[in-house]
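Numbering of ligands and ligand atoms starts at 1, following listing order. Keep in mind that what you see is a predicted model, and the values were worked out from it rather than measured.
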Amino acid sequence: VKDGNGVKGLADLGLLEVPERYIQPSYERINKQDSRECDMGPIDLSKLNGPEHKKVVDEIVKAAETLGFFQVVNHGVPLELLDSLKHAAHSFFNLPSEEKAVYLKGVSPSPKISYGTSFAPEKEKALEWKDYITMIYSSDEEALQYWPNQCKKVALEYVKLSSKMVKDIVEILIKKLEVESDESIIERLVGMKTVNMNYYPQCPNPDLTIGVGRHTDIGTITVLLQDDIGGLYAKAEDNDVAKEEWFEIPPIPGALVINIGDTLQILSNGKYKSPEHRVKTTSTQSRVSIPVFTLPIPTDKIGPLPEVVKKDGLAHYREVLMLDYMNNFFANVHGEKKTLDFAR
Ligand code: AKG
């Protein structure tokens, strides 16, 4: 990515095969036949305000306790904005390389915005077939000043318009833990937001490569907009079964994908699952996805909630500083659910 064109630059060369350093060991490769489509329909969040409130709450809680992934509709983010976001992501990654290069780490106009490729390219044995831009939200002014022109307005709208839904979902999940439902817990859990734009160029060897390797998200919850190409897989957790079971999270027009992050798994003492997930590449089209990660602020501490530990009789995690948890995540390559080991 040093020349500013990342994997997109490689894809544009029209290679018939990916370079050796993108070829994954077999354990990491994704075979569509080994997975099932997740057939859980989207949850209609507008029903939270009507007679079906309890049913919707139960659906959200059940999903958080099992796969850790679900999809939502009537989420408060206008459908036109979802289309504009996908369009904006393509516009950014289609820029000439020198225009993207200004956002590379080290030269970027702000440490809160960075453009890159793969996840930890200096450390990875095999690289991920993905370019991205990360934008950490701190204020509207900063976003409008520093984020790329191609996406700043829509990305900012997305962060803001998704935040009520994020708060509602977090509140439902915290209330269900029967802790003293104190508004400040919810506020702390949604203290920080980062929006990413991921770009997976079309790839000549989708069976040998990965878009994103096995990992969990470290925050509270993630909201993800994916386009209609598909390729996101989540692993069902079942400690008794040796065979891995993967579910494809299918694109649903107008829906947003929600997944639980490590922070909620830790806070709930393991009741809510932060699912391992990964992304397959595709040979036919370039895919975009746009996640908003919601996290506690770096100076906050996260640990199992005392009321939950009391009920469970033991704590499965220790208390850690969010900053240390984040640094550990970014200092390592992607790998299964190993970020959680940092809090054990
Ligand atoms: C991530 O950005 O951490 C993802 O897992 C992306 C998921 C996707 O592209 O569908």
Side-chain angles (χ1 to χ4, degrees), residues 6-8 28 30 32 35 37-38 67-72 82 85-86 88-90 92-93 114-121 124 127-136 151 155 158-159 162 192-203 206 209-235 246-253 255-265 273-282 285-295 325-326 329-330 332-340:
V7 183
K8 168 87 167 64
E28 301 289 350
I30 305 176
K32 206 172 157 59
S35 68
E37 190 164 289
C38 179
L67 190 58
F69 260 98
F70 54 99
Q71 306 209 47
V72 292
L82 302 185
L85 278 161
K86 289 179 263 187
H90 281 284
F92 175 77
F93 290 100
S114 59
Y115 161 66
T117 194
S118 198
F119 176 69
E124 283 160 348
L127 299 178
E128 298 178 351
W129 191 261
K130 174 184 113 164
D131 297 332
Y132 67 88
I133 182 156
T134 295
M135 297 167 273
I136 301 175
C151 57
Y158 179 43
V159 170
S162 59
M192 178 175 158
K193 292 205 163 69
T194 294
V195 54
N196 271 23
M197 292 197 162
N198 296 323
Y199 186 78
Y200 307 91
Q202 61 186 97
C203 176
T209 52
I210 47 168
V212 181
R214 301 158 171 264
H215 72 288
T216 57
D217 293 343
I218 59 173
T220 307
I221 64 171
T222 303
V223 174
L224 178 97
L225 169 64
Q226 64 170 335
D227 63 19
D228 57 5
I229 293 169
L232 171 61
Y233 292 82
K235 191 173 147 184
W246 289 90
F247 287 91
E248 179 166 13
I249 310 296
I252 299 177
L256 288 166
V257 178
I258 308 288
N259 69 271
I260 305 299
D262 292 356
T263 297
L264 264 189
Q265 177 160 336
K273 303 290 185 290
S274 173
E276 185 179 330
H277 54 286
R278 55 183 180 168
V279 175
K280 189 168 168 61
T281 57
T282 165
Q285 288 169 78
S286 299
R287 174 177 184 265
V288 293
S289 74
I290 306 158
V292 175
F293 301 103
T294 301
L295 307 87
Y325 201 83
M326 290 159 82
F329 175 65
F330 288 111
N332 289 291
V333 298
H334 277 149
E336 302 169 341
K337 292 193 64 155
K338 71 177 188 238
T339 42
L340 282 153

Say whether Tyr200 and ligand 1 are in contact under the criterion: heavy-atom distance to a ligand atom below 4.0 Å.
-> yes

For ligand 1, is Asn196 a contact, meaning one of its heavy atoms is under 4.0 Å away?
-> no

Where is the tightest heavy-atom contact between Phe329 and Thr216, given as atom of each residue plus distance?
-> CE1-O, 3.9 Å

Taking all atoms of both residues into account, what is the closest heavy-atom pair of Tyr132 and Asn198, and its distance?
-> CB-OD1, 3.6 Å

Quick one: which ligand 1 atoms are inside 4.0 Å of a heavy atom on His277?
-> 5 (O)

So which heavy atom on Thr222 is nearest to which on Phe293, and how close?
-> OG1-CD2, 3.5 Å

Can you find an N/O atom of Asn198 closer than 3.5 Å to an N/O atom of ligand 1?
-> yes

State the atoms of ligand 1, each with its element, that fall below the 4.0 Å cut-off from a heavy-atom position in Val279.
-> 7 (C), 8 (C), 9 (O), 10 (O)

Got a sec, which pairs hit salt bridge (charged side-chain N to carboxylate O under 4.0 Å, His left out) with one end in residues 215-227, sequence neighbours left out?
-> none

Should you measure from each heavy atom of Asp217, which atoms of ligand 1 turn up under 4.0 Å away?
-> 3 (O)

Which atom pair, heavy atoms only, marks the closest approach of Pro121 to Thr117?
-> CG-O, 3.3 Å

Is the shortest side-chain N to carboxylate O distance from Arg278 to Glu28 below 4.0 Å?
-> no

Using non-hydrogen atoms of the residue, decide whether His215 is closer than 4.0 angstrom to ligand 1.
-> yes

Arg287 neighbourhood, listing ligand 1 atoms whose heavy-atom distance to it stays under 4.0 Å = 8 (C), 9 (O), 10 (O)

